Each structure stands twice: as C-alpha cells, then as structure tokens.
There are 2 protein chains.
Amino acid sequence: MENSVFKALAHPARRQVLTMLRKGPRLAGDLAAEFEASWPTMSRHLAVLKDADLITAERQGNQILYRVNTSVLEDAASALLGLIGRDEGDDQLKEAAE
Amino acid sequence: MENSVFKALAHPARRQVLTMLRKGPRLAGDLAAEFEASWPTMSRHLAVLKDADLITAERQGNQILYRVNTSVLEDAASALLGLIGRDEGDDQLKEAAE
DNA sequence: CTGGCGATTAGCATTTTTGCTAATTAGCAG
DNA sequence: CTGCTAATTAGCAAAAATGCTAATCGCCAG
C-alpha cells in the first residue's frame, strides 16, 4: 500500500505525470504525447500510478481520462513529515502542524 | 538529485531506518541489529540513504553514527505537496520532475 | 459487420536493485 | 606487531523495473 506509493514515486516520468495532472485531469494520449517514451511505456507508468492509487482512470468513450488522487499524495507527504524527528513515537500523523 | 531521494525512499527497510533515526542518531550496528537482513545488506541500504543525502555518517572511534537529514526529508515532502494542485496556502518549492 | 483510433497487454531483452557470503578496511587494546 | 570488533566493499545470483515492438482490446462511425 504505502510501499507501492513510494515505489511509484521513484520514477521521474511518473512524478512528471503527476505534475502534469496537477492542473487538472488529462487524457492518456495527451499525457503520452509529451514524453519521449513510447506509448506502451507510458501506459505502464500510468498503470503503476493507478496501482498505487495515485491516479484514477475514467473511460470517456474512446479515450481514458486520468486524474490525480490528492489524498494519497497528501498521505505520502504526511508520512515523510512524520519521519522528521519529533518527540512522539507514531509513524502516522495527519497534520502538518505548522 | 530529487530522483535519488525518492528512489531511496522506495524501499521499506530504508524508510524504516529513517523511522528509527527519528528519535535521534544511532550506530550502524544498532540499526542493523533490528533487521532480519544481513549486516552487509543493511550497510548498503545505509549507503543508498547517504547517497541520497537523507542521512549523514559520523565516525565515532570504532563505530559509525548515523543521523537523519531532516532538511532533505522536508524538501521531499514539499515536493509531494507541490504536486497537489491546491491553490490555497503554501506553494513554495522547486519542481520534483526530472 | 468492418475499419480505424485510443489505449492496454504480451512477450522479450536490458538494466537496476536486492541480498547473500566472503574478503577487506578501520580503529582500538594489549 | 597481533588479535578483536565494527562496518564496508567485492563479487555473484536472483528478482524486479524499464522500455521496446507486436498483438490485442474497447469503442465508435459508417
């Protein structure tokens, strides 16, 4: 679960996909067009992201619309912040507490 | 170099090392003792973390003391939050793509 | 039904990561 | 120096990730 998220984030192309989805949902082909990699390669990157629940896919007739799943991204960021030394001992924290 | 950070975070054992370092610096052997993996394996995980600048090593006579580098961890968390398309509040970061 | 487009799946080769044992380095004590 | 402990590096094999081309699936127009 959490593991697949960080694994998914490990590849630059996949992080870039998330960056592209930041401004809003986009079609698979639209995303693939912006990469050097072949279409099937991008398709697999998208599958990895979907597997990690970082994005969701929605069919729109002929094409497929992807959108970012912000809550999972937030959880990951939270987990990282939780790794930063505080006096408490829980590895799951919800608030950035700034 | 963001890339090496996320790559380093991709392995559960390495995230667990960071968790252990959260409460304070620890000796390499002390860390290795808490894992099932062999000592050399842990040594390499530590090397990966050090490569990503997520931890720093300091010799203490016979042993080596590791401590977490919170700023890099913060940067990574920031990068993740930056991937979220929310336009309220904190938006200060360099990009995580590439 | 057929053709075409969007996208994924299959299958394969290459590279990277992981994890082990054995060998080595580094420091300290005598 | 020798011996001992702490930790890393070397070298290898197994597993996983990456990326390609070719084949396939899903959907819609005609």
Side-chain angles (χ1 to χ4, degrees), chain A residues 1-21 24-69 72 76, chain B residues 1-21 24-69 76 96-98:
Chain A
M1 4 162 62
E2 192 100 306
N3 191 32
S4 64
V5 171
F6 284 111
K7 266 184 163 174
L9 290 169
H11 199 288
R14 291 192 291 259
R15 290 198 302 278
Q16 199 173 339
V17 166
L18 293 177
T19 301
M20 288 176 180
L21 291 179
R26 299 186 66 176
L27 299 171
D30 198 17
L31 289 166
E34 305 209 22
F35 285 86
E36 299 243 328
S38 70
W39 252 52
T41 293
M42 286 315 298
S43 199
R44 183 151 56 172
H45 280 313
L46 292 172
V48 170
L49 287 167
K50 198 173 72 173
D51 237 51
D53 215 30
L54 277 162
I55 60 176
T56 57
E58 183 191 338
R59 262 218 117 90
Q60 300 239 322
N62 211 3
Q63 0 199 37
I64 296 183
L65 191 70
Y66 282 101
R67 83 185 70 221
V68 69
N69 189 346
V72 173
Chain B
M1 321 343 179
E2 284 279 5
N3 193 32
S4 64
V5 171
F6 284 112
K7 265 183 159 176
L9 290 169
H11 198 289
R14 292 193 290 259
R15 289 198 303 276
Q16 199 173 338
V17 166
L18 293 177
T19 301
M20 288 176 180
L21 292 179
R26 298 188 66 177
L27 299 171
D30 199 17
L31 290 166
E34 304 209 22
F35 284 86
E36 298 248 327
S38 72
W39 210 334
T41 292
M42 285 316 297
S43 200
R44 183 151 56 172
H45 279 313
L46 292 173
V48 171
L49 287 167
K50 199 173 71 173
D51 236 52
D53 215 28
L54 278 163
I55 61 176
T56 58
E58 183 191 339
R59 259 220 120 88
Q60 300 236 321
N62 212 2
Q63 359 197 39
I64 296 183
L65 191 70
Y66 282 100
R67 85 184 69 222
V68 69
N69 189 347
E98 274 280 328

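Below, read A as the first sequence line, B as the second, and so on, with proteins coming before strands; counting in each chain starts at 1. These figures come from a predicted structure and were not determined experimentally. FYI, side chains are in, hydrogens and waters are out, and symmetry mates aren't considered; it's all heavy atoms of this structure.
Nearest to the side-chain atoms of A:T41 among the listed nucleotides D:dT8, C:dA7, D:dC20 stands D:dC20. The side chain of B:S38 lies closest to C:dC20, out of D:dA7, C:dT8, C:dC20.
Taking the side chain as every heavy atom from C-beta outward, A:L65 and A:R59 never approach each other to under 4.5 Å. Side-chain contact between B:I64 and B:L27 is absent, with no heavy atoms from C-beta onward closer than 4.5 Å. You'll find the side chain of A:Y66 reaches within 4.5 Å of the side chain of A:L46, heavy atoms only.
Here B:M42 contributes atom CE and B:E36 contributes atom CD; the two are 11.5 Å apart, rounded to the nearest 0.5 Å. Distance check, rounded to the nearest 0.5 Å: CZ of B:R26 to CG of B:L31 gives 5.5 Å. Considering CZ of A:R14 and CG of A:L9, their distance stands at 8.5 Å, rounded to 0.5 Å. Atom CG of B:L18 is separated from atom CG of B:L49 by 5.0 Å, given to the nearest 0.5 angstrom.
Comparing A:Q60 and A:H11 along DNA chain D, the residue whose closest nucleotide (by nearest heavy atom) sits nearer the 5' end is A:H11.
When rounded to the nearest whole Å, the span between CG of A:L46 and C1' of D:dT18 equals 15 Å. Atom-to-atom, NZ of A:K7 to P of D:dA15 comes out at 14 Å; the value is rounded to the nearest Å. Summarising the geometry, the separation between CZ on B:R59 and P on D:dT5 is reported as 16 Å, rounded to the nearest angstrom. We find that CD1 of B:I55 is positioned 13 Å from P of D:dA7, with the value rounded to whole Å. Taking atom CG on A:L9 and atom P on D:dT18, their separation rounds to 12 Å, with Å as the unit. Distance A:W39 CH2 to D:dA23 P: 19 Å, rounded to the nearest Å. Here C:dA7 presents its C1' atom at 9 Å from CG of A:N62, a figure rounded to the nearest Å. In this structure, A:I64 places its CD1 atom 7 Å from C1' of C:dT8, rounding to the nearest Å.
A close approach under 4.0 Å does occur between a side-chain nitrogen or oxygen of A:Y66 and OP1 or OP2 of C:dT8. Contact check, B:R14 against C:dT18: a side-chain N or O comes under 4.0 Å of OP1 or OP2. Between A:S43 and C:dA7, a side-chain N or O to OP1/OP2 separation shorter than 4.0 Å is absent.
Sorted by residue number, the list of members of residues 25-36 of chain B with any non-hydrogen atom under 4.0 Å from DNA chain C is empty.
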